[in-house]
Protein chains: 2
Amino acid sequence: MTPRQNRNRDRAGRGIPEATVARLPVYLRALHALQERGVATVSSEELASAAGVNSAKLRKDLSHLGSYGTRGVGYEVEYLVYQISRELGLTQDWAVAIIGVGNLGRALAGYGGFASRGFRVAGLLDADEALVGQEIAGRTVRHIDRLEDVIASGRVSIAVIATPAHAAQKVCDRVVAAGVTSVLNFAPVVLSVPEGVDVRKVDLSIELQILAFHEQRKAGGPGDRRLSGEGPPGPAQYVETVEAG
Amino acid sequence: MTPRQNRNRDRAGRGIPEATVARLPVYLRALHALQERGVATVSSEELASAAGVNSAKLRKDLSHLGSYGTRGVGYEVEYLVYQISRELGLTQDWAVAIIGVGNLGRALAGYGGFASRGFRVAGLLDADEALVGQEIAGRTVRHIDRLEDVIASGRVSIAVIATPAHAAQKVCDRVVAAGVTSVLNFAPVVLSVPEGVDVRKVDLSIELQILAFHEQRKAGGPGDRRLSGEGPPGPAQYVETVEAG
DNA sequence: GGATGTGAAGCGGTTCACAGCC
DNA sequence: GGCTGTGAACCGCTTCACATCC
């Protein structure tokens, strides 16, 4: 039975767990900081602490890339930087197009983290004629009509969507049709894309709502059990005992 | 032994899984869209599709809040909106302070998603004297010296850190000392906070790097196994079998 | 001795598949 | 008949604990 035997192929390539991939950039950043401080070697304990994870996780993560440490010693910072960079694909340049040059798009265009490590802003595009021609972070804003043109000539493979929500899906369809296979979406909508295209979402409002949930619990909201003894009025919560007692 | 018996208390309150909490805002947004279109009732299948998840997951998520659906029918949109809002703590107002009014802080201050649902910008702060006094998104920028003041008088419980990396930890320490227990961090650093304070991180550069990793695999990078036998050029996508087929 | 690398156990989350109810 | 709600199986990630190697 088990009709999804072939599911394993989903974790493609070398099979680095997605959770590990998501942490590699954090390790890389910590390593760069160590490098700047002139540190040549680092233990899993130290690096883990700098990255905000525990050392077992760090070691397991790194073990997926290969055996780049030395037992009894630690990891050579420079070597590890190179290996992680290579694994993440940062040893080559990636051309990025930013679509939507409102406040957010502008912030992105000026963000140092883009230019610094392997990412090149190959185009800023907007539908607003008033913005077209303006120079932002050293690049001239072009009209959205030229989207396909910019993607093709700039060999753009990553599109950053920073448009209003209502425009995002249309823009997404266009960049995908033009050959882009990775999208970073800042618009508060669920984008639908064909198989093979990766979308990552950054959503400020969602993050805030998650924080609000936890904050509410701390403060005695509907999910909070701390007050279950007494009987304040309001949205009469349905009580469920939790072992926390 | 097992010295982490009390770890269970970490998943506090009613015990809604963290993964579920992270999806509730997405459902909420989809429900609002349905509401605007005048839809009164929705099935798990429809709502799931609008939210970009599968229906089993959606049903299990909602079941953690209670039995708010009707078998054979679906969920009443308005009722579900209320229940999720209440669970997330959006039926009350949350005061937010934004620290750092560069491009990003400005984008955040002007972001509609803040004001719209339960979040009120109670303060914009910056260390740059040139910015202090300026009006942004209808609010006057105040000097960072007044941070504690603003937090106390505005009853701020959520701080958004949009400062340069080097300033973030110091700002974080100050907002925590002033009583803030939820932090949304946009600065590319790992913040350390005392027990009981929640930090969520939004990191553009990390998202891009994750995309680059996958992009590289598609294109035949070091993690790519597809070409190990032969060598066709081009972005010959790595095929992923999906049971739907 | 000391730190890495890794089987094995543990845990949370996802998916299946169907019982339960309208 | 149709759709929700949910136990059970499954899966991947985390953590432990220690064998392994410098």
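Because the structure is a prediction, the values reported are computed rather than measured. Every chain is numbered from 1, with letters handed out A, B, ... down the list of sequences. Excluded from the calculations below are hydrogen atoms, water molecules and symmetry mates; all remaining heavy atoms, backbone and side chain alike, are included.
- The B/A19 side chain lies nearest to C/dT14 when the options are D/dC22, C/dT14, D/dC13.
- Counting heavy atoms from C-beta outward, B/L24 and B/L65 have side chains that approach closer than 4.5 Å.
- Listed in residue order, the members of residues 41-51 of chain A having a heavy atom less than 4.0 Å from DNA chain C are A/S43, A/S44.
- Between the side chain of A/Q35 and the backbone N or O of A/E78 there is no donor-acceptor pair closer than 3.5 Å.
- Minimum interatomic distance between B/L28 and B/S85 (heavy atoms only, all atoms of both residues): CD1-OG, 3.7 Å.
- Rounding to whole angstrom units, CD of residue B/E76 and P of D/dC3 are separated by 17 Å.
- A close approach under 4.0 Å does not occur between any side-chain nitrogen or oxygen of A/Y68 and OP1 or OP2 of C/dA3.
- Judged purely by atom type and a 3.5 angstrom limit, B/W94 uses its side chain to pair as donor or acceptor with the backbone of B/G89.
- Within residues 53-61 of chain A, the residues that place at least one heavy atom under 4.0 Å from DNA chain C are, in residue-number order, A/R59, A/K60.
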Distances for protein N or O near nucleotides 19-21 of chain D N or O, under 3.5 Å:
unit_1	atom_1	unit_2	atom_2	d
D/dT20	O2	A/R71	NH1	2.5

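- Rounded to an integer number of Å, the gap from NE2 of A/H64 to C1' of C/dG5 is 11 Å.
- B/L204 has its side chain out of reach of A/V160: every pair of non-hydrogen atoms, C-beta onward, lies at least 4.5 Å apart.
- The CD-C1' distance, from B/E18 to C/dG13, rounds to 12 Å in whole Å.
- For the ring pair (Phe, Tyr, Trp, His ring centres under 6.0 Å) test with B/Y68, the passing option among B/Y75, B/Y27, B/Y82, B/Y79 is B/Y79; the others fail.
- Judged purely by atom type and a 3.5 angstrom limit, A/D173 has no side-chain atom pairing as donor or acceptor with the backbone of A/A177.
- Looking at A/V26 and B/D203, their side chains never come closer than 4.5 Å, going by heavy atoms from C-beta outward.
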**OP:** Step by step, work out the side chain to side chain donor-acceptor pair (under 3.5 Å) result for B/S49 and B/E45.
**Re:** CA-CA 6 Å; B/S49 147; B/E45 199 68 56; over 6 Å; no

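- Put simply, CD1 on A/I16 is 16 Å from C1' on C/dG5, counting in whole angstrom units.
- At a cut-off of 3.5 Å, with distance as the only test, a side-chain donor of A/D61 or A/T20 sits close to an acceptor on the other residue.
- B/Y79 has its OH atom 16 Å from the P atom of D/dT4, to the nearest Å.
- Looking at heavy atoms from C-beta onward, A/V190 lies out of side-chain contact with A/V199 at the 4.5 angstrom threshold.
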